[in-house]
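Right, one structure below, let's go through it.
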Number of protein chains: 2
Amino acid sequence: MQTPLIRPAVTAADRVLLEIQRAIVEGDIAAGSKISEPELAKRFDLSRAPLREALARLERCHLIERIPNAGARVVKLSTQGLLSLYQLRETLEGLACRLAAEHMADSEIAELRALLDQHLSTQRVREGESYYQEAGDLDFHYRVILGSKNAYLINILCDELYHLVRMYRVQLGMNGPRVSRAFDEHKAILNAIANRDGELADLLMRRHIAASRRNIEKQLEQTGT
Amino acid sequence: MQTPLIRPAVTAADRVLLEIQRAIVEGDIAAGSKISEPELAKRFDLSRAPLREALARLERCHLIERIPNAGARVVKLSTQGLLSLYQLRETLEGLACRLAAEHMADSEIAELRALLDQHLSTQRVREGESYYQEAGDLDFHYRVILGSKNAYLINILCDELYHLVRMYRVQLGMNGPRVSRAFDEHKAILNAIANRDGELADLLMRRHIAASRRNIEKQLEQTGT
DNA sequence: AAAGCAAATATTGTCGACAATAAGACTAAA
DNA sequence: TTTAGTCTTATTGTCGACAATATTTGCTTT
């Protein structure tokens with residue numbers, strides 16, 4: 001899935017932001033490692049001004065942590081952090097679902113249903129390939145969030161937490177056997193939205209994310225605490 | 001109340017951020033007006049580099065909106081925006097309450113109770129003065145949020161939404177007759193937290209914020225849609 | 001007179017260099 | 001040998017100037 005809601009990268013800071021974002025999420029720049037401005041500037045062949053702009057935005061989406069006069073470090077993944085993140089997502093995406101049930105246009109709901117059908121066929125063809133599943137999952141969530149029509153909520157979920165969620169998924173190797181089950185859950189959520197049952201949509205989405213969290217936690221235990 | 005959770009302003013960008021933040025919140029820089037980097041740089045007597053750093057953070061807390069190559073504007077207040085903001089606050093601070101009921105130490109709860117008692121006496125002395133009430137209200141909410149111990153939640157509420165909430169309150173002239181009632185509601189929330197009843201604390205906080213929202217909306221209607 | 005185009009102007013984005021602060025290396029004393 | 005302090009080095013914060021983009025102004029054309 002192409003990163004959502006992001007304006008076309010018109011400026012140099014935009015471009016380098018996308019590159020560094022990808023590098024961090026995929027572990028190309030190691031979690032916990034120090035960020036050197038001169039080094040990155042050389043590596044991406046631009047001056048420090050746009051680079052610092054990019055770093056400011058990386059801090060915004062919690063991918064790095066900056067200390068004044070001391071520099072930036074890539075965020076460290078932790079069980080505690082994962083828990084906090086999913087705790088928040090449960091509540092926020094639940095709210096998004098409730099609002100989506102109120103605000104999504106019938107046409108948008110129809111499109112979302114079409115998307116799910118498409119995921120189903122894709123899933124059958126590409127059985128086991130995690131990338132498509134992940135992209136599909138995120139795409140579904142993404143559309144529901146947009147359907148809430150709450151600008152602040154959209155900003156938080158799509159801009160500020162989205163990449164961190166991806167980072168946890170990628171670096172913990174989330175491919176898992178949850179594919180088909182997640183698909184059914186999506187379907188149920190969509191039905192609730194289509195029935196304009198915000199309360200049920202909220203509940204189902206919270207459960208969906210809680211299940212996803214437990215799944216990741218299980219992987220964490222296997223890898224090592 | 002001193003602005004919370006903000007590191008001591010060590011850098012020039014920090015200082016100018018605080019100044020501009022205050023200016024925007026209090027309407028000293030008009031809502032909807034254009035931000036001129038050269039003008040502000042001259043006004044605060046520094047170069048554009050730290051100023052732009054400050055602008056990036058102002059965008060982060062939704063006080064300005066930037067368009068690439070076209071500049072920044074102070075955010076415009078709207079009924080729609082207010083509704084979205086309070087919708088989100090309801091959910092988030094409800095969650096914060098629930099978590100606070102789980103995670104706050106007994107000592108923290110005791111301190112919070114002391115704070116409320118102090119508010120009560122202050123309120124009796126300074127009957128009608130809005131500043132103290134607002135500060136007290138925000139301080140109570142602030143402590144509960146910190147009590148949640150969820151770093152992402154704290155960041156969103158205290159860093160990203162806090163100043164915008166203040167902006168609505170200040171510019172819509174929120175002093176209102178809700179003082180004593182809000183105080184009672186705080187007391188009830190605290191009791192729920194002290195009883196470790198997260199569910200009730202959640203519910204009460206949501207109602208508290210909903211009441212606050214309705215109060216502001218009433219003011220909005222009086223002023224003009 | 002109105003609309004569309006073109007030059008001029010102003011603003012934002014980027015750059016390289018300097019200043020201020022923090023991290024690291026080295027020396028000296030216990 | 002360890003520890004404290006100082007000096008060196010490297011990194012971040014800030015500056016002023018230049019390049020690229022958007023806005024405004026004025027002119028031309030219908």
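Chain identifiers are assigned alphabetically (A, B, ...) following the order of the sequence lines, protein sequences preceding nucleic acid strands; residue numbering begins at 1 within each chain. Given the structure is predicted, the values throughout are model-derived calculations rather than measurements.
- Rounded to whole Å, atom P of dA22(C) lies 16 Å from atom CZ of Arg73(A).
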Cut-off 3.5 Å, no hydrogens considered: what does the side-chain donor-acceptor table look like for residues 23-35 of chain A, sequence neighbours left out?
unit_1	atom_1	unit_2	atom_2	d
Glu26(A)	OE1	Arg22(A)	NH1	3.1
Ser33(A)	OG	Ala30(A)	O	2.6

Can you tabulate the close N/O pairs, meaning under 3.5 Å, that link protein atoms to atoms of nucleotides 15-18 of chain D?
unit_1	atom_1	unit_2	atom_2	d
dC15(D)	OP2	Ser47(B)	N	2.7
dC15(D)	OP2	Ser47(B)	OG	3.3

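- In this structure, Arg66(A) atom CZ and dT21(C) atom P are separated by 18 Å, rounded to whole Å.
- The ring of His62(B) has its center no closer than 6.0 angstrom to the ring center of His163(B).
- Atoms CZ (Arg52(A)) and P (dG13(D)) sit 4 Å apart, rounded to a whole Å.
- When the C1' atom of dT12(D) is taken as reference, atom CD of Glu53(A) falls 17 Å away, rounded to whole Å.
- How far CD1 of Ile20(A) is from CG of Leu51(A): 5.0 Å, rounded to the nearest 0.5 Å.
- Inspection of the His141(B) and Glu93(B) side chains reveals an N or O donor paired with an N or O acceptor under 3.5 Å.
- Across the interface with DNA chain C, nearest-nucleotide mapping of Pro38(B) and Ala70(A) shows Pro38(B) to be the residue nearer the 5′ end.
- Taking atom CZ of Phe44(A) as the reference point, atom P of dT14(C) lies 15 Å away to the nearest angstrom.
- To the nearest angstrom, C1' of dT11(D) lies 14 Å from NZ of Lys42(A).
- Partners of Asp106(B) under the side chain to side chain donor-acceptor pair (under 3.5 Å) rule, at least two apart in sequence or in another chain, are Arg196(B).
- Going from atom CD1 of Ile35(B) over to atom C1' of dT11(C) covers 14 Å, rounded to whole Å.
- One interatomic measurement links the two molecules: CD of Glu37(A) to C1' of dT21(C), which rounds to 13 Å at whole-angstrom precision.
- Closest to the side chain of Asn69(B), out of dA22(D), dT12(D), dA23(C), is dA22(D).
- OP1 or OP2 of dT14(C) has at least one side-chain nitrogen or oxygen of Thr11(A) nearer than 4.0 Å.
- The CG atom of Leu161(A) sits 6.0 Å away from the CG atom of Leu157(A) when rounded to the nearest 0.5 Å.
- The shortest distance between side-chain heavy atoms of His186(B) and His208(B) falls below 4.5 Å.
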